[in-house]
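These notes are about the structure you will find just below.
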Amino acid sequence: MKVTLMHEMQQRILQMLKTTAGGGYVSGEEIAARLGVSRTAIWKHIKALKDAGYNIVSHSRSGYQLKDSPDLLLPQEIAPLLATGIIGRKIIHFDEIASSNEEAKRLAREGADDGTVVVAEAQDAGKGRLSRGWYSPHSKGIWFSVILRPTFLPQEAPKCTLMSAVAIVRAAKHFNLDVGIKWPNDILSSDGKKLVGILTEMSAEMERINYVVIGTGINVNMSREDFPDDVKDIATSLSMIAGHTLSRVELFAEILAAMDDLYQDVEKNGFRNVLDEWRRYSVTLGQEVNVIGVRETFAGVAVDIDEDGALLIDTSEGRRKVLAGDVSIRPRTDKKE
Ligand code: BTN
C-alpha cells in the first residue's frame with residue numbers, strides 16, 4: 001500500500017513552478033531563498049516530484065521548469081480547483097489500496113472528519129454491491145470514498161447513494177456527456193452500459209449515524225480491452241462515450257464540488273431537491289422493468305421514487321414499493337403494424 005502524502009515543501013515548490021510567468025524557469029537559488037532551505041534540499045524535493053510523475057526539466061544555469069503535471073488524483077492537483085465547504089477539505093491519496101471503502105471506514109472509526117475523501121489510483125480488492133468485486137485498474141478511473149457525519153436519521157442514509165449519483169450526473173453534464181441513472185445506484189451510458197457504481201455503507205445507532213461512507217467507482221479512461229471479459233459487453237467508460245481521454249483531475253474536482261453543494265443542501269433542507277433532480281436524470285422511471293428483489297422477482301412499470309428513495313412499481317396486482325434489490329429495464333419490443 002503506497003500512500004502519497006506530499007511534503008509541504010514540495011507543494012510550495014510546485015506552486016512556484018506553476019505560477020511562474022509564461023511557464024518559464026525558476027532558479028534553484030530563488031526557490032531556496034524563498035523557502036529558506038538549502039539548494040541541495042530543493043534538488044531532493046525536485047527529484048521526489050519527478051519520481052511522482054511531474055515532468056520537471058532542470059537547466060544548470062536557468063533552474064527548473066514544470067513541463068507537465070501527471071493526471072493523478074493528488075490532493076495538490078485537486079485542491080486548487082476546489083472551493084468546497086465540507087467534502088474534500090481533506091483528501092487522502094493512495095497509489096494502490098485494497099478498497100477505499102474499507103480504508104474510509106477504518107479512518108472514520110478513528111475519528112476522521114465529516115467530508116474526508118479517500119481516493120486511490122488502483123484497488124486490488126475493490127468492493128461492489130451484493131458481495132461482488134469492482135475492477136479498479138491503475139489511473140484509468142476514479143475510485144473514491146467520502147466519509148460523512150450527517151445529522152439526519154439512519155433511515156435516511158440510503159438516499160446518500162442517490163445524492164452521489166446526482167452529483168456524478170451533474171459533473172458528467174458539465175463535460176457534455178450523455179448519461180442517466182438506473183435505480184438505485186448505477187450510472188449508464190445512453191446505450192445502457194454501466195459507467196459508475198456506488199456502494200454506501202453506514203455505522204449507526206438507532207437514532208444517530210456515526211458515519212456514512214459513500215464509495216463510488218467511475219470508469220473514466222478505460223478502453224474496451226481494459227475490462228475483464230465477463231463485463232466487456234455490459235460496461236463502458238466516459239472516454240469511450242466521449243471519444244477522447246478525459247482529465248480525471250478536472251472531473252474529480254467537479255464531482256466533489258457537486259457533492260459538497262448537494263450535501264450542504266441536504267443538511268439544510270433534507271433530500272427533497274436531491275430526489276427531484278434524481279427523477280430528472282433517471283432512465284428507470286416510465287420504463288417496464290423486472291425487479292429482482294430479496295425474496296422474489298416481478299415485473300411492472302417504474303412510476304416514481306417516494307420520499308424514502310424507494311422505487312414505486314405499478315404491477316398487474318397494484319402498486320408495489322421496492323426498497324432494495326436490482327432492477328433490469330426490459331427492452332422495448334417494437335410492435336409491427
Ligand atoms: C456496484 O456494485 O455497483 C458498486 C461499486 C462500488 C465501487 C466503489 S470503487 C470505490 C469504492 N471502494 C470500493 O471498494 N468500492 C467502492
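Every value quoted in this text rests on a predicted model; they were computed, and no experiment measured them. First listed ligand is number 1; within each ligand, the first listed atom is number 1.
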Counting heavy atoms under 4.0 Å, the part of Lys194 that contacts ligand 1 is side chain
Within ligand 1, which atoms have a heavy atom of Ser100 less than 4.0 Å away? 10 (C), 11 (C), 12 (N)
Before we go on, tell me: are the rings of Phe144 and Phe252 under 6.0 Å apart, centre to centre? yes
Which of the numbered atoms in ligand 1 are below 4.0 angstrom from a heavy atom of Arg129? 1 (C), 2 (O), 4 (C)
Regarding His138 and Glu121, is there a side-chain donor-to-acceptor distance under 3.5 Å anywhere? no
For atom 14 (O) of ligand 1, the option (of Glu102, Arg132, Glu201, Lys127) bearing the nearest heavy atom: Lys127
In ligand 1, which numbered atoms sit nearer than 4.0 Å to a non-hydrogen atom of Ser99? 12 (N), 13 (C), 14 (O)
Do we get Arg109 above Tyr211's six-membered ring, with its NZ or CZ under 6.0 Å from the centre and within 45° of the axis? no
Relative to atom 4 (C) of ligand 1, which among Ile198, Ile97, Thr161 owns the nearest non-hydrogen atom? Ile198
Name the residue from Leu238, Ile78, Leu73 that meets the side chain to side chain contact (heavy atoms under 4.5 Å, CB included) definition with Arg248. Leu73
Which protein heavy atom lies closest to atom 5 (C) of ligand 1, and at what distance to 0.1 Å? Trp134 CE3, 3.4 Å
Step by step, would you call Lys127 with Arg132 a side-chain contact (heavy atoms from CB on, under 4.5 Å)? CA-CA 6 Å; Lys127 291 190 339 178; Arg132 295 181 193 131; over 6 Å; no
Residue pair Ser239, Lys140: steps toward the side chain to side chain donor-acceptor pair (under 3.5 Å) verdict: CA-CA 10 Å; Ser239 66; Lys140 298 270 179 178; over 6 Å; no
When you measure from the heavy atoms of Gly126 to every atom of ligand 1, does any distance fall below 4.0 Å? yes
For ligand 1, note which part of Asn185 has a heavy atom under 4.0 Å away: side chain, backbone, both or neither. side chain
Measure the distance from atom 9 (S) of ligand 1 to every protein heavy atom, then report the residue, atom name and distance (to 0.1 Å) of the closest one. Gln123 NE2, 3.4 Å
Pairing donors with acceptors under 3.5 angstrom, does anything connect the side chains of Ser99 and Asn101? no
